[in-house]
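Letters go in sequence order (proteins before strands), and every chain restarts at 1. This one's a predicted model, so the numbers in the text were calculated from it and none came from an experiment.
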2 protein chains.
Amino acid sequence: MPTLSQENYLKALWHLAADGKVTLQRLASHLGVSPASALAMVRKLSANKLVTYRRTTGIRLTAKGRLTALQIVRRHRLWEVFLHDKLGYQWDEVHSIAEQLEHVAPADLTERLDAFLGYPRFDPHGDPIPQHDGTLPGRSDLVLSEQPPAMYRIVGLVQTHDALLRQLHSLNLTIGQVVELRHHRSFDDVFVLRVGQNTEHIGRAVAERIIVEPA
Amino acid sequence: MPTLSQENYLKALWHLAADGKVTLQRLASHLGVSPASALAMVRKLSANKLVTYRRTTGIRLTAKGRLTALQIVRRHRLWEVFLHDKLGYQWDEVHSIAEQLEHVAPADLTERLDAFLGYPRFDPHGDPIPQHDGTLPGRSDLVLSEQPPAMYRIVGLVQTHDALLRQLHSLNLTIGQVVELRHHRSFDDVFVLRVGQNTEHIGRAVAERIIVEPA
DNA sequence: TTCATATTTTAGTCACGACTAAAAAATAAT
DNA sequence: ATTATTTTTTAGTCGTGACTAAAATATGAA
């Protein structure tokens with residue numbers, strides 16, 4: 001388990017890796033820290049197999065390091081959603097508070113929070129929330145209500161509130177579930193789903209909140 | 001602003017003060033720390049005017065220290081309510097997680113959380129949640145549904161969920177509001193309230209969640 | 001009171017994560 | 001190619017909050 005400081009470094013490294021080689025300088029100035037301090041920490045992270053560092057390649061996250069970083073970003077963005085959606089903060093106020101909360105990480109807290117928030121896929125800034133498995137939702141993901149009849153896997157539930165979430169749960173419409181989509185013969189805002197043995201009918205408002213990929 | 005460690009000491013001191021003189025030994029063993037470490041920290045707290053320490057009296061919180069400690073306990077217990085009521089943790093699981101969250105304290109986060117949770121007065125263990133002004137709710141507080149007709153001030157809303165909270169808010173039934181209670185002439189689980197110019201009717205289930213004091 | 005025990009206090013260390021200043025190495029410019 | 005500049009690295013410090021071991025002070029029992 002990385003320390004609090006190590007987590008901040010990993011998160012910074014993940015962000016910086018998006019545009020190019022990560023030098024000590026970049027890392028240090030991003031964190032407002034001296035290059036000497038950055039080097040010391042990079043060595044610790046390296047000893048923990050979270051990063052590799054060679055002068056030529058710069059600092060690179062290992063698979064393990066990237067996974068860890070993604071979980072921190074995930075927690076950060078989920079807390080941002082909480083602060084915005086539940087506590088009514090403005091989108092520009094949530095970042096600094098989430099920065100504190102993101103380091104709280106007992107066992108299943110993140111997953112419970114995710115469920116409580118209705119499996120949001122984007123934070124209040126519109127940035128994608130890394131999923132449990134380390135994948136990032138793309139803006140190109142498919143909304144169930146817009147798909148032709150076929151087999152789909154549910155990969156996300158958007159802006160779901162408690163009541164709807166319970167409803168979906170009772171219909172077995174949960175993340176990971178594979179469903180067969182058909183359209184209703186008469187009503188174009190009723191969607192017919194085969195879920196395992198059962199056939200369920202849901203409305204457009206609900207179908208718009210279910211994100212799928214072809215299965 | 002006390003450091004994270006200082007906050008833990010203050011909280012421990014507040015808890016320990018409940019039963020008698022607080023010696024270095026008690027403090028140290030409560031925190032799992034050596035007496036020498038405890039002394040060092042007590043000196044820092046003393047320099048910050050948060051505690052006084054004389055061999056004879058033991059360690060005592062100053063008014064400032066007590067206020068600070070109460071705010072930490074407040075945050076702790078509010079987070080416990082969140083974890084229990086919103087994330088579905090069992091009452092015995094919340095303590096250790098809240099221990100992490102209690103140190104996150106930007107400006108109005110605590111107050112927003114309090115409002116979001118419906119101004120709970122007791123945590124999942126049944127312990128009172130210190131109020132913003134540092135007072136502790138007593139178990140002797142009055143439940144509106146059990147009171148005779150008279151004027152009352154609303155001092156708490158118990159175990160309120162979102163929907164109910166919105167309802168109460170729309171009726172102006174918020175903390176601090178003064179209302180005149182009357183009983184319905186025919187139905188004994190309907191309560192009639194004069195709130196300012198308006199007369200409102202609420203059911204027993206709602207009235208049971210409104211805590212009052214005579215006004 | 002005097003000795004034994006418990007508590008408090010000092011003194012010196014350690015790990016962590018930061019710092020500065022200067023040395024070493026790599027890169028760029030003339 | 002040699003110099004100048006930037007980047008990396010070393011070396012030594014500092015503050016925080018912990019530690020141990022031993023000294024000083026209280027407290028309790030005979």
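- Not counting sequence neighbours, B:Q100 has no partner by the side-chain hydrogen bond (donor to acceptor under 3.5 Å, both in side chains) test.
- Here A:Y9 does not reach the OP1 or OP2 of C:dC16: none of its side-chain N or O atoms lies under 4.0 Å away.
- Contacts between chain B and DNA chain D, taken as any atom within less than 4.0 angstrom of a protein heavy atom, begin and end at D:dT16 to D:dA26.
- Across its full length, the helix from C:dT1-D:dA30 to C:dT30-D:dA1 shows an angle of 10° between the axes of its 5 terminal pairs at either end, rounded to 10 degrees.
- Residues satisfying the salt bridge (charged side-chain N to carboxylate O under 4.0 Å, His left out) criterion with B:E7, sequence neighbours excluded, are B:R75.
- Of the residues in residues 17-48 of chain A, those lying under 4.0 Å from DNA chain C by heavy-atom distance are A:G32, A:V33, A:S34, A:A36, A:S37, A:M41, A:K44.
- Under the rule for a salt bridge (charged side-chain N to carboxylate O under 4.0 Å, His left out), the partners of A:D19 that lie at least two apart in sequence or sit in another chain are A:R26.
- In terms of the side-chain hydrogen bond (donor to acceptor under 3.5 Å, both in side chains) criterion, B:D92 has no residue partners (sequence neighbours excluded).
- With sequence neighbours left out, A:S29 forms a side-chain hydrogen bond (donor to acceptor under 3.5 Å, both in side chains) with no residue at all.
- Taking 4.0 angstrom as the limit, A:T3 places none of its side-chain polar atoms (N or O) nearer than this to OP1 or OP2 of C:dC16.
- In this structure A:E200 satisfies the salt bridge (charged side-chain N to carboxylate O under 4.0 Å, His left out) test with no other residue, sequence neighbours excluded.
- Both B:S5 and A:R55 sit near DNA chain D, but only A:R55 has its closest nucleotide nearer the 5' end.
- Pairs passing the salt bridge (charged side-chain N to carboxylate O under 4.0 Å, His left out) check and including a residue from residues 44-67 of chain A, sequence neighbours excluded, do not occur.
- Ring geometry, B:F116 versus A:F116: the interplanar angle exceeds 60°, so the pair is classed perpendicular (tilted spans 30 to 60°).
- Spacing between atom CZ of B:R54 and atom C1' of C:dT9 amounts to 18 Å, rounded to whole angstrom units.
- Contacts of A:D108 classified as side-chain hydrogen bond (donor to acceptor under 3.5 Å, both in side chains), with partners at least two apart in sequence or in another chain: A:R112, B:Y89.
- Among residues at least two apart or in separate chains, salt bridge (charged side-chain N to carboxylate O under 4.0 Å, His left out) pairs with a member in residues 96-105 of chain B are B:K11-B:E99, B:K11-B:E102.
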